[in-house]
Amino acid sequence: MSETYIVGIGMTPLAKHLSLSVKQLSAMAVDKALQDAGLERGAVEAAWFCNTRQGALEGQHGVRGQCSLRAYGFEGIAIFNTDNACASSSSGLLQAHAAVKAGLYDVALVVGAEKMNYPEKREQMFEAFKGSWDRDLAEQHMQALLAMGAGMELPPEALAETGERSVFMDIYAAQARFHMKTFGTTQRQIAAVAAKNHWHSQFNPLAQYRTPMTVEEVLADKLVAWPMTRSMCAPMSDGAAALVVVSEKALKRLDARRAVRIRGIAASSGSQRTAEQVDRHLTRGAAGRAYEAAGVGPQDISLAELHDASAIAEILHSENCGFCDYGDGGALVESGATRLGGRLPLNVSGGLLSKGHPIGATGAIQVHEIVTQLRGEAGQRQVPGNPRLGMTENGGGFYGLEEAACVVGIFEAPSRP
């Protein structure tokens, strides 16, 4: 079984790209990834195309990858379509890694591309979010989620009408209330996550938002669903990222000095757990399998990109990934340990909160950041001390009390002379 390496990365800036199509965004990312790898288009033997919204918003179902990648010029190769909600492109990477490791291909391409902003289809944009949970059980699941925060005394502003939003922001608000009620987490600690990630994003030229914010500014922002304000919620973003994955055999033909090894990668779905069974969260399962595959533990990780679609999610997943005990995620961020320069920097890209969240592309974008950091090429946001191991945690959709899918990856820095 071959080891696998990421030798090429590329991504577009994240923004509202109203004049660019999915095909154009994909081409921009693939161009950069192939150039970074030092490979021509003809070297790619298989590709995974990862997208969630094109079917709902453009009517392009079934063969999205063939449409975007053949438009780029790929012909004759295997092309697979991966839709796993927000975990789509991390799932594509897991599949490409497995195929290369098994010897089916020596050079594989993973492309995550998403266009979410269609001003003329605003109702459809918000309706599309509901496709990432069980439509038959939606009311049942929502009632169970809202019950998580039952019994907590809410401030008057929690009852205010806040207008249009993704259904997932109500879900995250319910999870935040449960964490606050159970562990004593405060709204200020949740705001500290957002302030940290908005501060990080000023150093990322590809981020959608690059304006630092203080905790006070985050708390004073427009309320979305208490305790979440707008700055604690990821924006709707357009963008794409591409990754080139190769075998040991192919690596011998390339410059190995910037090759990042996929040390371990694993996925999970959830279980019929209760809210109180926090140690059975699907992210804990995926992280445990990834640690086992990599032969490391949480204490070995130098930095991580966690799926902070809302600020509470970073707190939850810092606990689920074993970086602190359950209930201590809020204190962890307040301590400064997760800030750039701290003991365990989290979301130094700006995270989904500030860098942006183009659903199907987000997993590949997280990996783009980790590879950049492990190569020592992150500029002003570079984690000091030659980071050795980086982690990505990418959740997707919702089912029951948690995400429907999760993929966790662990990546190792190139050998340095």
Side-chain angles (χ1 to χ4, degrees), residues 6 9-17 22 25-26 28-29 33 48-54 57 64 81-96 110-117 125 128-129 131-132 166 168-169 171-172 197 200-201 204 206-209 233-243 265 267 283 286 304-311 313-314 316-317 321 346-373 390-398 403-409 411:
I6 297 174
I9 57 173
M11 69 173 281
T12 68
L14 303 187
K16 293 183 178 181
H17 291 298
V22 170
L25 291 166
S26 300
M28 291 165 64
W48 278 258
F49 186 80
C50 314
N51 173 277
T52 73
R53 291 292 185 263
Q54 205 176 4
L57 296 174
R64 295 171 233 179
N81 291 282
T82 305
D83 180 351
N84 208 14
C86 307
S88 292
S89 49
S90 58
S91 299
L93 177 61
L94 187 153
Q95 293 163 16
V110 178
V111 182
E114 202 73 83
K115 186 171 172 63
M116 299 176 65
N117 289 284
M125 287 160 54
F129 281 99
S132 291
S166 155
F168 289 130
M169 291 306 109
I171 292 174
Y172 281 122
N197 293 350
H200 284 160
S201 70
N204 186 352
L206 299 176
Q208 184 163 348
Y209 299 133
C233 305
M236 293 200 299
S237 312
D238 305 329
L243 312 169
I265 187 167
T283 298
E305 290 285 305
L306 304 183
H307 192 90
D308 61 326
S310 73
E314 181 180 302
L316 297 176
H317 298 316
C321 291
L346 300 180
N347 289 323
V348 291
S349 67
L352 283 60
L353 288 178
S354 197
K355 177 189 73 241
H357 183 23
I359 304 290
T362 286
I365 289 168
Q366 289 181 318
V367 175
H368 183 285
E369 178 66 21
I370 292 297
V371 171
T372 302
Q373 290 282 349
M391 172 186 273
T392 58
E393 178 276 323
N394 184 206
F398 265 89
E403 292 85 351
C406 181
V407 179
V408 173
F411 307 89

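Each residue takes its place number in the sequence, starting with 1. Since this is a predicted model, take the numbers as computed values, not measurements.
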Minimal non-hydrogen separation, C406 against V408, with atom names: SG-CG2, 4.0 Å
Spacing of Y172 atom OH and C233 atom SG [to the nearest 0.5 Å]: 10.0 Å
Inter-residue atom distance K115.NZ - M125.CE, 0.5 Å rounding: 9.5 Å
Side-chain donor/acceptor of Q366 to backbone N/O of A304, under 3.5 Å: no
Donor-acceptor pair, side chain of N197 and main chain of L352, under 3.5 angstrom: no
F129-F398 aromatic ring centre distance below 6.0 Å: no
Heavy-atom closest pair, residues A267 and A286: C-CB, 4.2 Å
Side-chain heavy-atom pair L306, C321 within 4.5 angstrom cut-off: yes
Donor-acceptor contact below 3.5 Å, side chain H200 vs main chain G351: no
Flag, side chain of E114 to backbone of R53, donor-acceptor distance under 3.5 Å: yes
Shortest non-hydrogen contact between M11 and A241, atoms and distance: CB-CB, 3.8 Å
Exam field: side chain N84 to backbone C86, donor-acceptor pair closer than 3.5 Å: no
Non-hydrogen atoms of N117 and A15 that approach each other most closely: ND2-O, 4.3 Å
Point-to-point distance, once rounded to the nearest 0.5 Å, from CD of E305 to CD of E369: 5.0 Å
Polar side-chain atom of N394 near backbone of V407 as donor-acceptor pair, under 3.5 Å: no
Note, H307 side chain near T392 side chain (heavy atom, < 4.5 Å): no
Closest contact, heavy atoms only, G112 versus S89: CA-CB, 4.0 Å
Beyond-backbone contact of H317 with E403, side-chain heavy atoms, under 4.5 angstrom: yes
Taking distance alone, no hydrogens or angles, what donor-acceptor pairs closer than 3.5 Å link side-chain atoms of residues 354-365 to residues at least two apart or in another chain?
residue : atom : partner : partner atom : Å
S354    : OG   : H198    : ND1          : 3.1
S354    : OG   : S201    : OG           : 2.7
S354    : OG   : Y209    : O            : 3.2
K355    : NZ   : S349    : OG           : 3.2
H357    : ND1  : T362    : OG1          : 2.6
T362    : OG1  : P358    : O            : 3.4

Check: A240 main-chain N/O paired with T12 side-chain donor or acceptor under 3.5 Å: yes
Pairwise side-chain contact, I9 with T372, heavy-atom cut-off 4.5 Å (strictly under): yes
Closest contact, heavy atoms only, S88 versus T52: OG-CG2, 3.2 Å
Heavy-atom side-chain contact between S90 and V367 under 4.5 Å: no
Value rounded to 0.5 Å, distance of CG in L93 from CD1 in I265: 4.0 Å
N/O donor-acceptor pair under 3.5 Å between D238 side chain and K16 backbone: no
Contacts of H368 that satisfy ring-ring contact (aromatic ring centres under 6.0 Å, His included) - sequence neighbours left out: none
Steps toward side chain to side chain contact (heavy atoms under 4.5 Å, CB included) verdict (H17, L25): CA-CA 9 Å; H17 291 298; L25 291 166; 3.8 Å; yes
Distance in Å, N347 CG paired with L353 CG, rounded so as to fall on 0.5 Å steps: 7.5 Å
Value rounded to 0.5 Å, distance of SG in C50 from CG in D83: 9.0 Å
